[in-house]
Amino acid sequence: MLPMTVENQNSAAAEQRLRRSLSNRHIQLIAIGGAIGTGLFMGSGKSIHTAGPSIVVAYFVIGAMLFFVMRAMGELLLHNLQWKSFQDFAADLLGPWAGFFLGWTYWLCWVVTGMADVIAITSYWNFWTHDHTWAFILTAATLVVLLALNLLTVRLFGELEFWFALIKIVAILILIVVAIVLVIMGFTSANGYKASVSNLWSHGGFAPRGWNGFFGGFQIAVFAYVGIELVGTTSAETANPRKTMPKAINAVPVRVLVFYVAALLAMMCVTPWNLIQTDSSPFVQMFGLIGFTAAAGVMNFVVLTSAASSANSGVYSTSRMLYGLAHKGMASRAFGKLSRHGVPGWGLFCTVILIGSALILAAKDSVVEAFTLVTTVSAVLFIFVWSMILVSHIVHVRRNPQAHAESIYPMPGAHVMPWVVLAFFVFVIVLLTKADDTLQALLATPIWFVVLGIAWAIVRRRSHHDDLETELPTD
């Protein structure tokens with residue numbers, strides 16, 4: 001057998017590198033899709049029930065804090081384009097252990113989030129089928145379709161997310177416009193409920209459940225933002241990251257104001273907050289309560305695609321994290337090999353199987369109970385990920401003050417805001433201890449970090465950190 005030439009080796013290595021196939025429009029819509037997910041469409045019912053209209057303040061505050069996380073991530077990824085994701089810069093700035101903990105935790109984040117999406121998808125299918133068995137079958141079929149599409153090309157993933165996100169954007173904008181029209185008309189439903197701005201304070205006040213209720217709504221509100229950092233995992237497959245990433249991140253504040261604050265305020269103006277149920281999407285309930293049954297069905301289709309979009313993002317991002325871990329000797333070599341379509345196939349298969357296991361939880365009598373369990377675990381894990389991004393930025397600024405000063409995309413308030421946001425995250429964790437359902441999930445998450453600590457002790461000697469220029473061999 002003839003030895004491989006240098007050119008052949010380089011060609012084989014190039015085939016095993018992620019390809020920059022995502023365009024500007026893909027990245028912009030992926031960023032929006034990451035910020036509008038199941039937590040908003042499904043979870044906002046519970047958060048509204050817990051906090052009343054004041055929940056919009058919680059969404060605004062959390063969104064503002066996460067904007068600084070995004071800016072920190074953006075500065076670091078654009079500082080060194082060899083860093084393919086936040087896992088890479090954490091490993092460089094904090095040590096290989098940080099890359100290991102962050103990569104595997106982010107993988108679990110999206111597996112758990114995907115489970116929440118599966119529970120939500122089952123609930124949405126049940127809106128039409130009214131039969132759990134058929135809902136399970138259709139949910140399983142949805143996961144198979146997502147797997148098949150992800151196995152083709154990364155560009156197809158981008159295209160799918162583009163249209164999923166576009167559906168969500170158009171639907172929310174229509175909902176806001178419809179709500180404004182109904183309020184102006186003084187619309188009164190057949191049940192006697194009148195659309196009015198006064199609904200925000202005339203049913204017990206703007207914060208009807210007081211401070212306890214307001215803070216109690218933070219758990220689902222935090223989960224609503226998981227995936228906002230997804231643009232950071234697409235860095236290695238973005239055609240022009242220096243141009244597209246700042247655009248995507250800078251638009252976050254406007255998206256928070258429109259898609260969270262404005263949408264929820266509009267919804268609660270039409271439907272009094274105390275009439276919103278926790279076991280289904282309040283966006284669907286709004287049209288049902290005012291008698292627009294056909295519109296309720298359309299909105300259910302929208303929230304179904306939203307949950308599928310979130311699950312799709314999870315399948316994508318977890319497979320890429322496994323790919324990066326494999327190339328650092330921190331995961332099985334199989335996860336580091338790309339198919340002939342340029343996607344990490346084994347990572348995709350593994351992820352879909354684990355996410356699909358949530359169908360067992362979806363069989364529970366209480367969808368809300370199962371949803372609260374997995375979203376709390378997900379929220380805690382994502383807070384760890386976001387915190388690691390901030391800590392990496394703090395270390396970067398201290399080590400490379402000149403690089404920060406000359407950055408093309410510096411984080412505003414870099415010497416103060418990371419500490420403010422970290423303190424806020426500690427505050428949120430404390431809030432999760434106040435309710436029994438969130439406390440149980442919170443107490444379970446340290447087990448994961450114990451497992452990671454044991455695993456790191458085993459793999460640390462064979463782990464290494466590279467820029468993925470030295471690739472694993474092909475199959």
Side-chain angles (χ1 to χ4, degrees), residues 17-35 63-94 98-99 102-103 106 154 158 161-162 165 225 227-257 317 320-321 324 385-422 465-469:
R17 284 199 289 271
L18 296 174
R19 302 165 189 175
R20 294 188 179 275
S21 303
L22 297 178
S23 66
N24 178 57
R25 70 183 180 90
H26 291 141
I27 295 301
Q28 298 300 321
L29 272 294
I30 286 172
I32 295 175
M65 293 296 175
L66 289 178
F67 172 65
F68 289 100
V69 175
M70 296 286 288
R71 287 299 302 262
M73 180 183 69
E75 178 181 341
L76 290 172
L77 288 175
L78 295 180
H79 167 69
N80 181 358
L81 292 183
Q82 294 299 323
W83 288 336
K84 304 299 190 285
S85 71
F86 39 80
Q87 177 202 8
D88 290 331
F89 64 63
D92 262 0
L93 294 168
L94 305 179
L102 187 56
Y106 194 67
V154 65
E161 279 302 290
F162 175 85
Y225 285 99
I228 197 172
E229 75 302 313
L230 184 62
V231 67
T233 66
T234 63
S235 176
E237 295 170 284
T238 303
N240 189 353
R242 293 189 188 279
K243 179 181 178 181
T244 57
M245 196 171 297
K247 282 186 177 180
I249 293 173
N250 287 341
V252 167
V254 174
R255 289 164 186 159
V256 168
L257 288 173
S317 57
R320 271 54 180 184
M321 277 295 160
V385 170
W386 297 331
S387 298
M388 291 288 279
I389 292 173
L390 291 171
V391 172
S392 297
H393 187 271
I394 291 171
V395 172
H396 168 70
V397 172
R398 287 183 177 177
R399 286 184 187 173
N400 310 295
Q402 190 64 27
H404 170 68
E406 297 174 355
S407 173
I408 63 172
Y409 193 57
M411 175 189 178
H415 297 287
V416 177
M417 287 311 300
W419 296 105
V420 173
V421 180
L422 287 172
H465 183 61
D466 55 45
D467 60 6
L468 298 186
E469 292 302 320

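Note that the structure is a prediction, hence the values are computed from the model and not measured. We're numbering straight along the sequence, starting at 1.
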Problem set entry | Verdict with supporting geometry, N250 and Y409, side-chain contact (heavy atoms from CB on, under 4.5 Å) | CA-CA 10 Å; N250 287 341; Y409 193 57; 2.7 Å; yes
For this session: Under the side-chain contact (heavy atoms from CB on, under 4.5 Å) rule, what do L66 and W386 come out as? Steps first, then yes or no, please.
Result: CA-CA 8 Å; L66 289 178; W386 297 331; 3.5 Å; yes
For this session: Go through the steps for M65 and V420 under the test side-chain contact (heavy atoms from CB on, under 4.5 Å), then give the verdict.
Result: CA-CA 8 Å; M65 293 296 175; V420 173; 4.2 Å; yes
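Q87 places no side-chain N or O within 3.5 Å of a backbone atom of G103 that could act as its donor or acceptor partner. Of the possible polar contacts, none joining the S407 side chain to the A403 backbone as a donor-acceptor pair under 3.5 Å is found. Side chain of R71 to backbone of G413: no donor-acceptor contact under 3.5 angstrom is found.
The closest side-chain heavy-atom distance from F89 to V395 is not below 4.5 Å. By the 4.5 Å heavy-atom criterion applied to side chains, M417 and P412 are not counted as neighbours. The shortest side-chain heavy-atom distance between V397 and H415 falls under the 4.5 Å cut-off.
Atoms CD and CG, on E406 and N400 in that order, are 11.0 Å from each other to the nearest 0.5 Å. Atom CE of residue M411 and atom CD1 of residue I249 lie 11.0 Å apart, to the nearest 0.5 angstrom. To the nearest 0.5 Å, atoms CE (M73) and CH2 (W83) are separated by 13.5 Å. To the nearest 0.5 Å, atoms CD (E75) and CD1 (I389) are separated by 13.0 Å. The CG atom of L102 sits 9.0 Å away from the CG atom of L94 when rounded to the nearest 0.5 Å.
The heavy-atom pair separating P418 from H393 by the smallest distance is CG-ND1, 4.4 Å. When every heavy atom of L93 is checked against every heavy atom of S392, the shortest pair comes out as CD1-O, 3.4 Å. The two residues A98 and A90 come nearest to each other via the heavy atoms CB-O, 3.6 Å. Contact record, L390 with F68: CD2-O, 4.4 Å, taken as the closest heavy-atom pair.
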